[in-house]
Protein chains: 2
Amino acid sequence: MSSNIKRPLTLRDVSEASGVSEMTVSRVLRNKGDVSAATRQKVQDAAKQLGYVPNKIAGALASQRVNLVAVIIPSLSNMVFPEVLSGISETLEDTGLQPVVGVTDYMPEKEEKVLFEMLSWRPSGVIIAGLEHSEASDAMLRRSGIPVVEIMDVDGEPVDTCVGISHRRAGRIMAEEIIKAGYKRIGFMGTKMPLDHRARKRFEGFTRTLAQAGVEIADQEFYSGGSALAKGREMTAKMIDRTPDLDFLYYSNDMIGAGGLLYLLEKGMDVPGQIGLAAFNGVELLDGLPRQLATMDACRRDIGIKAAQIIAARNQDDAPVDETVIALSPVLQFGTTLRR
Amino acid sequence: MSSNIKRPLTLRDVSEASGVSEMTVSRVLRNKGDVSAATRQKVQDAAKQLGYVPNKIAGALASQRVNLVAVIIPSLSNMVFPEVLSGISETLEDTGLQPVVGVTDYMPEKEEKVLFEMLSWRPSGVIIAGLEHSEASDAMLRRSGIPVVEIMDVDGEPVDTCVGISHRRAGRIMAEEIIKAGYKRIGFMGTKMPLDHRARKRFEGFTRTLAQAGVEIADQEFYSGGSALAKGREMTAKMIDRTPDLDFLYYSNDMIGAGGLLYLLEKGMDVPGQIGLAAFNGVELLDGLPRQLATMDACRRDIGIKAAQIIAARNQDDAPVDETVIALSPVLQFGTTLRR
DNA sequence: CTGAAAGCGCTAACAT
DNA sequence: ATGTTAGCGCTTTCAG
C-alpha cells in the first residue's frame with residue numbers, strides 16, 4: 001500500500017517514478033527543450049498516473065515569470081464588466097496568460113488593497129478600470145515595472161497605456177442629437193456620482209453641450225443601490241410627476257432607462273412623440289424590450305480585447321510602445337425612443 | 001540619483017534602507033512575533049518610503065501557505081453567479097483569504113483546464129459549481145488534499161462538501177403549486193440542457209411531478225445564446241402561436257420569463273387569469289417588471305456565504321468535518337403571475 | 001527581542 | 001539529449 005500522507009507531489013516524485021532526472025521531467029512537462037520521444041512518453045505516463053500537478057509557485061519563483069494578468073474592476077453586478085472580462089479572457093486564451101479578477105465596489109481604499117494584493121503576486125500585467133486612483137495606487141502601478149492598461153475611459157492621463165472611450169464626448173454626442181431632434185425640456189437620471197467618474201464625465205459633457213445650445217437640465221434625480229430597473233421606474237414616476245412638461249429623459253445607464261421606458265409605456269405615454277428617452281451602455285438586455293431604447297454602445301468587448309492584446313504584446317516582444325491612448329468611438333444607437 | 005533599473009524591491013532593500021535585519025523586517029511586515037516599537041517604526045517607514053510590495057510567490061513557497069481560494073463557475077453573464085461571488089467575497093473579507101475566479105462557460109474541458117491551472121497555485125480551498133465533473137477533474141479535486149466545496153446543487157455525491165439547493169425538489173415544488181392552482185396545459189421553455197445539469201434536474205423534477213398528477217408537458221422549446229430577454233419573447237410568441245390552448249408557461253430562468261411576460265402583456269393577455277407564468281432564480285431585476293413574476297429563490301448569496309465559511313473554517317481549526325451536504329431551501333415567490 | 005542558516009520546489013545556465 | 005549546480009525571495013527554525 002502506498003503512502004497515505006496527503007502531501008502534494010513534486011517533480012522528484014515523478015522523476016523517481018519514471019527513472020528520469022528532475023530536470024528532464026521538468027522539460028517534458030513544459031514542452032521546453034529537446035527530449036527524446038521515449039523519455040517524454042515515460043515521463044508523461046508517470047505524471048498522469050500519479051496525478052501530478054506542478055507547483056507554479058516554485059516555478060514562478062525560479063523563472064521569475066507569472067502567467068497571471070490582474071484585472072481590477074469596480075463591480076460584476078451590471079452587465080458592463082462581465083462583457084469586458086469576456087473580451088479579455090478570450091483574447092488571453094491562446095497566449096498562456098490567465099486573467100485574475102479583483103473587484104473594488106467603486107471604493108478607492110478597496111482598489112488600493114486589491115491592487116497591492118495582486119501586485120504582490122507579480123503578475124505579467126495589470127488591467128484596471130478608470131484613470132482615477134488613489135495616490136498610493138498610482139505609485140504602486142508606476143513602480144511595479146509591469147505593463148498597465150487603464151480601461152473604459154480616455155479622459156485623463158494614463159499611468160502607462162489606456163483603452164476606452166471619451167465619456168465626455170459620449171455625453172456631448174448624445175446632447176447634440178437630442179437638441180438636433182428638437183427636444184427642449186430635458187430631465188436627467190443617474191447614479192450618485194462621486195465615485196463613478198465615468199458617469200460624472202458623461203454628465204459633464206452632456207450638460208456643457210446643452211448649455212452651449214442655451215438649454216439647461218430641467219430636472220435631475222440620483223439614486224444608489226437597489227434594483228436598477230425598479231429605481232428607473234420610481235425615479236421616472238417621481239420626475240414626471242414633479243416636472244410634467246419634460247419632453248426628454250436621459251438616463252446614465254440602460255437598466256434604469258429600461259425601467260423608465262416600461263413605466264412610461266404602461267402609463268400610455270407616447271414614446272418618443274410625447275417624450276423621448278435615451279440611456280447609455282448598449283447592453284444586450286435592451287433587445288427584449290417593447291421599444292428599442294436609444295443608447296450608446298460603450299465598446300465594452302472591444303475594450304477588453306484591445307487591453308488584453310496590449311498586455312500580450314508587451315509580454316512577447318520588447319516592441320516599442322506605440323500608442324499610449326487608444327480611444328474607441330462609442331456608437332449612438334437611435335432605437336425607437338429618440339425621434340429624428 | 002538612485003538606481004534606474006526597474007527591479008522589484010526585495011526584503012533586502014528594505015533591510016538595508018532601515019538598518020534592520022531581513023528577518024526582523026519580515027516579522028514587522030507580517031505582524032508576526034515581537035518587535036520593539038522603535039524597530040517596527042523604522043521598518044515601516046523604510047518600506048512605505050521605498051514603496052515595497054512583498055513577493056507573495058517567495059512567501060508562499062517558503063511558508064507553504066497561499067491565501068487564495070479558487071472559485072470556479074460556469075459564467076458571469078447572468079445575474080446568478082455574480083451574486084454567489086459577492087457572498088463569497090464578503091465572507092472571505094475578514095479571513096485573510098482571497099477569492100480568485102475562473103470561468104468555464106459550461107464546458108467540462110475548460111473546467112478541467114481552469115481547475116488544473118488553479119490547483120497548480122496551491123490555493124487554500126476550492127469552491128466549484130456543480131456536482132458533475134469530468135473524471136480527471138474529479139480526481140484532481142480528490143487528490144488535491146485541500147478543502148473542496150461544490151456549490152449550487154445537492155442532488156448527487158460531493159467530492160468533499162457541498163452547499164446548494166435540490167433542483168429536483170425546486171422543480172417538484174413548482175409543479176405542485178401549478179397543479180394546485182388548477183393549471184392543466186403547461187408549456188416549458190429553457191436552455192438546451194446537456195451542459196446545464198441544474199436546469200436539467202429542475203426539468204426532471206418538474207415533469208416527473210406533473211406526470212404523477214397525470215399531466216404532461218403540452219409544449220416545450222429550448223434555446224441557446226443570444227439575449228435571454230429577447231429569446232423569452234420569441235419563444236413565447238412561437239409557442240403561444242403553436243399551442244394556443246396553453247394556460248401556463250414555466251421558464252427555466254427569470255430572464256426569459258421576463259421576456260415572455262412582457263410579450264404577453266403587450267398582446268393584452270390576462271396574466272395570470274388567461275395564462276399563468278413562473279420562472280426560476282429570484283433575480284433582483286424582476287422587481288422592476290410590470291407584474292411580479294412568480295419565481296423561486298435559489299439562495300445564491302447564502303450559498304456563497306456558507307461555502308466561504310466552510311473554506312475559512314477548514315483553514316482555521318482542524319475542526320471535525322460536521323456536515324458534508326448542506327441543503328438550503330429554495331423559497332417560492334408567488335408574485336402576481338401565478339394565481340392561487 | 002533580534003539574527004543566521006537552511007531550504008521551500010522549481011528552472012536558468014551551464015556542463016556533458 | 002540529458003544531467004548538475006546554483007539560487008529565485010521569502011519564512012522556518014534555532015541560537016543568541
Side-chain angles (χ1 to χ4, degrees), chain A residues 5 7-44 46-47 50 52-68 96 116-117 119-124 144-145, chain B residues 5 7-44 46-47 50-68 96 117 119-124 144-145:
Chain A
I5 305 154
R7 178 201 27 102
L9 298 166
T10 67
L11 264 190
R12 169 167 221 128
D13 295 309
V14 181
S15 166
E16 283 170 1
S18 63
V20 177
S21 81
E22 277 190 51
M23 195 54 231
T24 300
V25 170
S26 166
R27 282 198 266 257
V28 171
L29 266 23
R30 285 178 298 144
N31 289 317
K32 205 88 192 258
D34 293 328
V35 181
S36 76
T39 315
R40 179 178 302 279
Q41 195 56 48
K42 265 195 294 187
V43 171
Q44 283 170 337
L50 295 171
Y52 172 70
V53 176
N55 186 331
K56 286 225 179 199
I57 298 170
L61 184 60
S63 66
Q64 308 279 45
R65 273 120 56 75
V66 177
N67 70 335
L68 266 23
F116 183 81
E117 197 71 18
L119 285 180
S120 71
W121 287 99
R122 304 287 189 262
S124 290
S144 68
Chain B
I5 305 153
R7 171 193 43 92
L9 298 166
T10 67
L11 264 190
R12 169 168 220 127
D13 295 310
V14 181
S15 167
E16 283 169 1
S18 62
V20 177
S21 81
E22 275 189 51
M23 195 53 235
T24 301
V25 170
S26 166
R27 282 198 266 258
V28 171
L29 267 22
R30 285 177 298 143
N31 289 316
K32 204 89 192 259
D34 293 329
V35 181
S36 76
T39 313
R40 179 179 302 280
Q41 195 58 47
K42 265 195 295 189
V43 172
Q44 283 169 338
L50 295 172
Y52 172 70
V53 176
N55 185 331
K56 287 225 180 200
I57 298 170
L61 184 60
S63 66
Q64 306 280 49
R65 270 119 57 83
V66 177
N67 71 335
L68 266 23
E117 197 72 18
L119 285 180
S120 71
W121 287 99
R122 304 286 188 264
S124 291
S144 69

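Per chain, numbering begins at 1; letters A, B, ... match sequence-line order. Everything numeric here is computed off the predicted structure, so don't read it as measured data.
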Peer 1: Would a distance-only check, ignoring hydrogens and angles, find a side-chain to backbone donor-acceptor pair under 3.5 Å from B:Ser15 to B:Leu11?
Peer 2: no
Peer 1: Any idea which of C:dA5, D:dC8, D:dT4 is nearest the B:Met23 side chain?
Peer 2: C:dA5
Peer 1: I need the CZ-P distance between A:Arg30 and C:dG9, as an integer number of Å.
Peer 2: 17 Å
Peer 1: Go through C:dC1, C:dT2, C:dG9 for me and flag the one nearest to the B:Asp34 side chain.
Peer 2: C:dC1
Peer 1: Looking at A:Thr24, I'd like to know whether one of its side-chain N or O atoms comes within less than 4.0 Å of OP1 or OP2 on D:dG3.
Peer 2: yes
Peer 1: Between A:Pro8 and B:Gly33, who's closer to the 5' end of DNA chain C by nearest nucleotide?
Peer 2: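 Going by which nucleotide is closer to the 5' end, it is B:Gly33.
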Peer 1: Is B:Ser120 reaching over with its side chain to a backbone N or O of A:Val53, donor-acceptor style, under 3.5 angstrom?
Peer 2: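 Not at all, since once roles are kept as given, no pair shorter than 3.5 Å links the two residues.
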Peer 1: Rounded to whole Å, please give me the gap between NZ in B:Lys32 and C1' in D:dT13.
Peer 2: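 Whole-Å distance recorded here is 13 Å.
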Peer 1: Starting at the 5' end of DNA chain C and moving along, which residue's nearest nucleotide shows up first, B:Ser21 or A:Arg65?
Peer 2: B:Ser21
Peer 1: With respect to the phosphate group of D:dC10, does any side-chain polar atom (N or O) of B:Ser26 fall under 4.0 Å of OP1 or OP2?
Peer 2: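 It does not, given that no N or O in the side chain of B:Ser26 lies less than 4.0 Å from OP1 or OP2 of D:dC10.
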Peer 1: D:dT12 P sits how many Å from B:Glu22 CD, rounded?
Peer 2: 15 Å
Peer 1: Between B:Arg122 (CZ) and D:dT11 (P), how many Å, whole number?
Peer 2: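 One finds 19 Å between P of D:dT11 and CZ of B:Arg122, rounded.
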Peer 1: In whole angstrom, what separates A:Arg12's CZ from C:dT11's P?
Peer 2: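 After rounding, the reported distance stands at 15 Å.
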Peer 1: Taking everything shown except B:Arg30 itself, do over 12 heavy atoms lie less than 6.0 Å from its CZ?
Peer 2: yes
Peer 1: Can you tell me which residue among B:Thr24, B:Val20, B:Val35 is in a side chain to side chain contact (heavy atoms under 4.5 Å, CB included) with B:Arg40?
Peer 2: B:Val35
Peer 1: Side chain of B:Ser36, heavy atoms from C-beta onward: which of C:dC10, C:dT2, D:dT11 has the nearest atom to it?
Peer 2: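 Per side-chain heavy atoms of B:Ser36, the pick is C:dT2.
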Peer 1: Nearest whole Å is fine: how far is D:dG9 C1' from A:Trp121 CH2?
Peer 2: 13 Å
Peer 1: How is B:Arg27 classified with respect to the nucleic acid when contacts are heavy atoms under 4.0 Å: base, sugar-phosphate, or nothing?
Peer 2: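 Contact class for B:Arg27: base.
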Peer 1: So A:Lys56 and B:Glu117, side-chain contact (heavy atoms from CB on, under 4.5 Å) or not? Walk me through it.
Peer 2: CA-CA 9 Å; A:Lys56 286 225 179 199; B:Glu117 197 72 18; 2.7 Å; yes
Peer 1: Nearest to the B:Tyr52 side chain among D:dC10, C:dG3, D:dT11, which nucleotide is it?
Peer 2: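 The answer is D:dC10, which lies nearest to the side chain.
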Peer 1: Please report the distance, rounded to the nearest Å, between CD in B:Gln64 and P in D:dT13.
Peer 2: 11 Å
Peer 1: So A:Asn55, base contact, sugar-phosphate only, or nothing? Heavy-atom distance under 4.0 Å.
Peer 2: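 Sugar-phosphate: the residue A:Asn55, judged by heavy atoms under 4.0 Å, touches backbone atoms but no base.
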Peer 1: Looking at B:Ser63, does any N or O in its side chain come under 4.0 Å of the phosphate oxygens OP1/OP2 on C:dC8?
Peer 2: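 Negative; the distance criterion is not met.
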Peer 1: Find the distance A:Lys56:NZ to C:dT11:C1' and express it as a whole number of Å.
Peer 2: 14 Å
